[in-house]
Amino acid sequence: MAEYFKGIGQVKYEGSTSKNPLAFKHYNADEKVGDKTMKEHLRFAVAWWHTFSALGADMFGDGTLERPWLAAADPVQQAKDMADAAFEFMDKIGIDYFCFHDRDLVAEAPSLKETNERLDEIAAYIKDKMKASGKKLLWGTSNLTGNSRFMHGAATNPNAEVFAFAAAKVQKALSITKDLNGEGYVFWGGREGYETLLNTDMGLELGNLARFLGLAVGYADKIGFKGHFYIEPKPKEPTKHQYDFDVAAGYAFLQKYGLLNKFKFNIETNHATLAGHTVQHELHYARVNGILGSVDANQGDMLLGWYTDIFPTDVYGTTMMMIEILRNGGLPGGLNFDAKVRRGSFKTDDLFYGHIAGMDCFAKSLKAAHGLLESRELDDFLEKRYESWKTGVGAEIVQGKATLEGLAEYALAHDSPKSESGRQELLESIVMRYLYA
Ligand code: XLS
Ligand code: NI
């Protein structure tokens with residue numbers, strides 16, 4: 001079997017003073033942070049699409065990336081070579097999980113039947129490699145955006161034929177995911193939305209989207225798929241407006257259509273930013289509502305709104321994420337690097353530098369967040385800030401015992417309430433102490 005990443009061995013932890021670009025400075029897989037190892041806390045995954053099948057094309061230029069595993073002319077051979085490269089990469093970088101879309105695994109054939117046969121062949125090939133290496137599938141999904149048949153959406157297409165075609169793709173992707181013991185299945189609605197409301201029946205489309213998800217859940221039950229279902233919100237891009245705009249919009253949608261008990265959320269940093277939120281907000285909102293599932297770990301560029309998906313290096317931002325994840329007691333899913341090297345970083349070893357930077361960034365943040373939460377400095381502050389809700393009038397309100405006239409009477413009988421400082425700067429300086437400890 002060909003070796004694709006020649007000259008690169010197992011990436012090891014060498015500590016924060018190491019200058020070796022192919023070593024971890026903070027990520028030390030078996031080091032314990034609290035009661036779990038870093039590896040158990042972080043559950044990193046490699047994204048098949050950005051890392052192995054993409055060539056770096058953008059709207060202004062062709063692909064630039066050197067990807068020797070894509071050289072074969074035969075699509076199935078190409079897919080097998082790509083799987084070889086993927087398992088070699090995961091092995092050398094020390095990442096246990098991967099994620100894929102059906103279309104990343106092998107190129108589509110002229111007919112659906114033939115595409116499915118290709119998928120079966122490559123899934124069997126990957127299954128053997130998983131057995132041999134112990135690597136695992138964090139989640140699978142179906143690409144319902146790329147082919148031109150999906151130009152007006154998949155589940156929300158005005159044409160029922162396209163809905164049926166998309167359903168066939170999800171059926172196959174789900175059964176492969178189950179066959180590979182996938183721990184989850186993601187729905188990202190890239191073209192489930194609209195370009196203009198002038199040509200859109202939004203009411204019907206939303207109902208159809210819910211019916212589509214319901215059919216998938218029903219099929220999963222039939223085949224005994226026990227993994228988690230995730231919605232991955234994104235407000236726009238490629239469509240002008242996507243129905244799964246952010247976690248709050250997705251939450252309302254799932255509640256309306258009675259799907260809430262079946263889904264959690266896969267939250268992506270760059271999508272949160274596009275929605276005008278921080279990823280901390282999205283994770284926090286999901287956590288307090290019990291729907292935090294998994295994370296697509298990347299970051300946007302503050303100067304660019306478009307699809308940037310950079311490897312995470314903003315330690316402050318990832319520390320805010322790790323605070324949410326630790327407070328959630330971990331994730332049912334993991335941290336999938338839905339991130340890509342720049343098209344100018346076209347060498348295969350650039351893939352290592354990107355992942356090493358991202359893994360170190362999260363490892364450093366895990367430690368900072370753990371230290372901060374252990375100290376209870378934030379919790380003690382929060383407890384004090386909200387203490388008026390524990391007793392007296394606050395407790396009555398929380399317990400639902402208050403009436404509006406009773407509260408009016410109470411306010412009339414007491415002095416005008418006094419405010420306390422919110423102490424934002426103090427709290428930020430506490431965070432900094434743990435970050436740069
Ligand atoms: C695109 C999405 C996609 C999903 C999976 O913006 O992030 O890559 O993660 O379909
Ligand atoms: Ni994503």
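When a residue number appears, it is its place in the shown sequence, counting from 1. As the structure lists them, so they are numbered: ligands from 1, and atoms in each ligand from 1. The basis for the numbers below is simple: all heavy atoms, side chains too, and nothing from hydrogens, waters or symmetry mates.
Electrostatic pairing of Asp379 and Arg327 counts as a salt bridge here, judged by a charged N lying under 4.0 Å from a carboxylate O. No salt bridge links Asp102 with Lys172; every basic N to acidic carboxylate O contact stays at or beyond 4.0 Å.
Here Asn266 has no heavy atoms under 4.0 Å from ligand 1, in either its backbone or its side chain.
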Exercise. Checking side-chain hydrogen bond (donor to acceptor under 3.5 Å, both in side chains) for the pair Tyr434/Ser375: CA distance, chi angles, key distance, verdict?
Worked result: CA-CA 10 Å; Tyr434 287 89; Ser375 78; 3.2 Å; yes
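Close approach of ligand 1 to Asp296 is summarised as follows: ligand atoms under 4.0 Å from at least one heavy atom of the residue are 9 (O). Near Glu232, meaning under 4.0 Å from one of its heavy atoms, ligand 1 places the atoms 2 (C), 3 (C), 4 (C), 5 (C), 7 (O), 9 (O). Ligand 1 places these atoms under 4.0 Å from at least one heavy atom of His271: 1 (C), 2 (C), 6 (O), 7 (O). Close contacts of ligand 1 with His101, meaning ligand atoms under 4.0 Å from a residue heavy atom, involve 5 (C), 10 (O).
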All N/O donor-acceptor pairs, side-chain side in residues 215-226, below 3.5 Å, sequence neighbours left out:
none

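Taking any N or O of Thr141, backbone or side chain, none lies under 3.5 Å from an N or O belonging to ligand 1. Inclusion of Glu237 in the set of residues having an N or O under 3.5 Å from an N or O of ligand 1 is not warranted. For ligand 1, the polar-atom distance check against Trp139 finds no nitrogen or oxygen pair separated by under 3.5 Å.
Within the protein, the N, O or S atoms lying under 2.8 Å from the Ni ion (ligand 2) are Glu232 OE2, Glu268 OE1, Asp296 OD2, Asp338 OD2.
Each of Trp69, Tyr4, Phe352 was evaluated against Phe89; a single residue qualifies, Phe352, per the ring pair (Phe, Tyr, Trp, His ring centres under 6.0 Å) test. Of the candidates Phe253, Phe229, Tyr230, Phe263 forms a ring pair (Phe, Tyr, Trp, His ring centres under 6.0 Å) with just one, namely Phe229.
Here the side chain of Asp309 pairs no donor or acceptor atom with the backbone of Lys340 at under 3.5 angstrom.
If you look at Phe44 and Phe337, their ring centroids are closer than 6.0 Å.
Contact annotation: the side chain of His284 approaches that of Val288 to within less than 4.5 Å [non-hydrogen atoms, C-beta and beyond]. Proximity of Asp244 to Phe265: side-chain heavy atoms (C-beta onward) are nowhere separated by under 4.5 Å.
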